[in-house]
Amino acid sequence: MTSVVTAGGISVTIRGAVVDESETVLDRLASDGVPSSLASRNAKLWGPDAAPLAARRLGWLGLPETSRSLPARLAGPAEQFRDAGLDRIVLAGAGGSVVAAEAIHRTFAEDAARTGPGAELVVLDTTDPHEVSGVLAGDLGRTLVVVVGDDIEAQALRRVFGRAFAEAGLDRAELARRFVVVAEPGSAPERAAREVGHHFVEAETDVDGRYGALGTAALVPAALAGVDVLALLDDANRLAGVLRQPYDNPALAFGAALGSSALGGRDKLVVADHGSGLHGFAGWAEQLVAGALGKDGRGLLPVVVEGVESPGFELTGDLRRVILGRRPDEPGPGREAGVSVTGPLGAQFLLWEYATAVAARVMGVDPFAEPDVGESRESTAALLRSEEGAAPTVVRRPPALVSDAVEVHAPEEALRGAKTLTEALEAVVEDVPDGGYLAVLAYLDRSGDASAAGLRPLLAARSAKLRRHPAPVTFGWGPRCLHATGQYHKGGPRNGTFLQVTGAVTADVPVPGRPYTLGELQLAQAFGDQRVLRSLGRPAFRLHLRDRAEGLAQLAEALA
């Protein structure tokens, strides 16, 4: 059985048993008047306890229209930046808006017919000193830094680039012109920006980063890098016109499918791209679904895989498969997938935001609260305030196992007597409870250590060999994962096992005005998160690479 809902430039195809499950939920949503209530921004849709926050977080529904003024507001500054030769945009920040900006630029940059010539966009939502050093080594004479928000990553990177510009010989006035700050009006970042003469752009006060893909924080860096944001918003507007409809509404149908999957015990959402042309979109969808739905011991865990033939895409009892791109009823791999979605990027952003909000109502969770995100942030701050600092405290603890360039840090009993790196990794895989998942969290350089992402399919394949019921394996870069799946890790079902990967720092970067370096901050973030996970009873292991390249090669060999 197949159901296809097409409208507003989006097509959602639902296949198999999920059709009956989702149609039951869809009928209830329609009879309850959810489409019109959500389109009217009814904050009571998720219950009385969620209403006060929801009333301040529903501005994303209007962004396809309200964001249309942004290009005109940026026209003057953008022309000044181009005239000054600033065509290398560095985006410093954290959270969903940053991930969205990266997906927007990557997608449009690979579509020359829509983009045309544009600037370079470099995304830094990291504290890894190797990755930051690589960006600092680029042409600072062409560099404009867009700082989004007030997270510790954004503020540390602002300080680091400020010193780099000063050391490059820029005077105070020119240095001030090299920053664009995007934040809410009246916030500390606005006050600081205006004091030193940075260009300031107001962000919406009724939109958070998780739902802000079409908002100012995501669109400013993309627009400055040459993306036609009006084309993106046009695509979103076409879908916005059908969101009030109880039927022939692909976003409502998709939300019903997500919600019914969770209610039916299929609480792992395996997402694979199959020719969608949406580069980097799956990572944005991951942070949205995990953060909005993973709380109160419930949730849908997004498991982003490399493709429909990748390890971990095989259908099991607790998985719901979603394809971005080719429909499941077409010939080729993944044809039996439960759901497939096609459509342009702007409409996809709005589709997933709407569907996730609908699924939250079905599941009975507040889609805007983040009750567990602050725990890791507070734990990080405590480590940075400690007398010895995060790095010395951690490094002096002896590893349970050393194999050439790789240290394994874990309680000895958890390793089950492992004597080799392969045995230790297998112990981690076997530690995952039935119905649970393994999360790999790599606090490394996304560019220089890119091969770390290959650990996900290797561990998934090993899980399929070792276990009767293979455990889903997710992968995230740290500290991005703290803002993406971190809420789910702490607030979702308590069935996760966590494998952190950290690496030796060969050239650290001081954070001006702070008593720590980027390397120390990165370790504090990793261990602050680990401390919280362990306090919640989640098994947490760590692999430390004494040499990053050699260690990653060794891990790949151990899992081959």
Go through the steps for V362 and L258 under the test side-chain contact (heavy atoms from CB on, under 4.5 Å), then give the verdict.
CA-CA 9 Å; V362 174; L258 296 180; over 6 Å; no
Just checking, any donor-acceptor pair under 3.5 angstrom between side chains of [X] and [Y]?
{"X": "R542", "Y": "T502", "result": "yes"}
{"X": "R106", "Y": "H279", "result": "no"}
{"X": "S376", "Y": "Q525", "result": "no"}
{"X": "Q287", "Y": "R210", "result": "yes"}

With distance as the sole test, does [X] use its side chain to make a donor-acceptor pair with the main-chain N or O of [Y] at under 3.5 Å?
{"X": "R467", "Y": "H469", "answer": "yes"}
{"X": "D296", "Y": "R298", "answer": "no"}
{"X": "D508", "Y": "G519", "answer": "yes"}
{"X": "S463", "Y": "A471", "answer": "yes"}
{"X": "D547", "Y": "E550", "answer": "yes"}
{"X": "T356", "Y": "E353", "answer": "no"}
{"X": "K295", "Y": "D366", "answer": "yes"}
{"X": "E426", "Y": "A424", "answer": "no"}
{"X": "R462", "Y": "A560", "answer": "yes"}
{"X": "D150", "Y": "P189", "answer": "no"}

Under the side chain to side chain donor-acceptor pair (under 3.5 Å) rule, what do S403 and Q554 come out as? Steps first, then yes or no, please.
CA-CA 9 Å; S403 178; Q554 192 179 337; 2.8 Å; yes
Quick check on the 6.0 Å ring-centre criterion: do [X] and [Y] meet it?
{"X": "W477", "Y": "Y443", "value": "no"}
{"X": "F161", "Y": "F179", "value": "no"}
{"X": "F498", "Y": "H489", "value": "yes"}

Taking the inter-plane angle between the rings of Y211 and F368 on a 0 to 90° scale, is it parallel (under 30°), tilted (30 to 60°) or perpendicular (over 60°)?
tilted
In chain order, what residues pass the salt bridge (charged side-chain N to carboxylate O under 4.0 Å, His left out) check against E430, with sequence neighbours excluded?
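For E430 the salt bridge (charged side-chain N to carboxylate O under 4.0 Å, His left out) partners, ignoring immediate neighbours, are R416.
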Pair [X] + [Y]: basic N to acidic O under 4.0 Å:
{"X": "R320", "Y": "E21", "value": "yes"}
{"X": "D445", "Y": "R548", "value": "no"}
{"X": "E102", "Y": "R480", "value": "yes"}

Kindly indicate whether the side chain of V305, heavy atoms from C-beta on, has any atom under 4.5 Å from the side chain of D273.
no
Please test L136 against V160 for side-chain contact (heavy atoms from CB on, under 4.5 Å), starting from the C-alpha separation and ending with a verdict.
CA-CA 9 Å; L136 290 171; V160 166; 3.8 Å; yes
Worked check of side-chain contact (heavy atoms from CB on, under 4.5 Å) between L315 and R321:
CA-CA 7 Å; L315 190 62; R321 300 194 295 190; 3.9 Å; yes
From [options], residue fulfilling side chain to side chain contact (heavy atoms under 4.5 Å, CB included) relative to [X]:
{"X": "V440", "options": "V473, L458, T474", "value": "V473"}
{"X": "E375", "options": "K490, Q487, R531", "value": "K490"}
{"X": "V509", "options": "L157, T517, T127, L518", "value": "L518"}

Atom CD of residue position E557 - does it have more than 12 heavy atoms of other residues, nucleotides or ligands inside 6.0 Å?
no
Looking at every non-hydrogen atom in both residues, tell me the closest pair between [X] and [Y] and how far apart they are.
{"X": "L300", "Y": "V289", "value": "O-CG1, 3.8 Å"}
{"X": "A119", "Y": "I89", "value": "CB-CG1, 4.2 Å"}
{"X": "L384", "Y": "E520", "value": "CD2-O, 4.3 Å"}
{"X": "Y488", "Y": "A290", "value": "CB-O, 3.6 Å"}
{"X": "P129", "Y": "A507", "value": "CB-O, 3.9 Å"}
{"X": "G491", "Y": "D372", "value": "CA-OD2, 3.1 Å"}

Could you walk me through whether D128 and R446 pass salt bridge (charged side-chain N to carboxylate O under 4.0 Å, His left out), step by step?
CA-CA 9 Å; D128 184 83; R446 283 203 301 157; over 6 Å; no
Run the numbers on T143 and F165 for side-chain contact (heavy atoms from CB on, under 4.5 Å), then give the verdict.
CA-CA 9 Å; T143 299; F165 285 139; 4.1 Å; yes
What pairs with T316 under side chain to side chain contact (heavy atoms under 4.5 Å, CB included), at least two apart in sequence or on another chain?
D318, L319
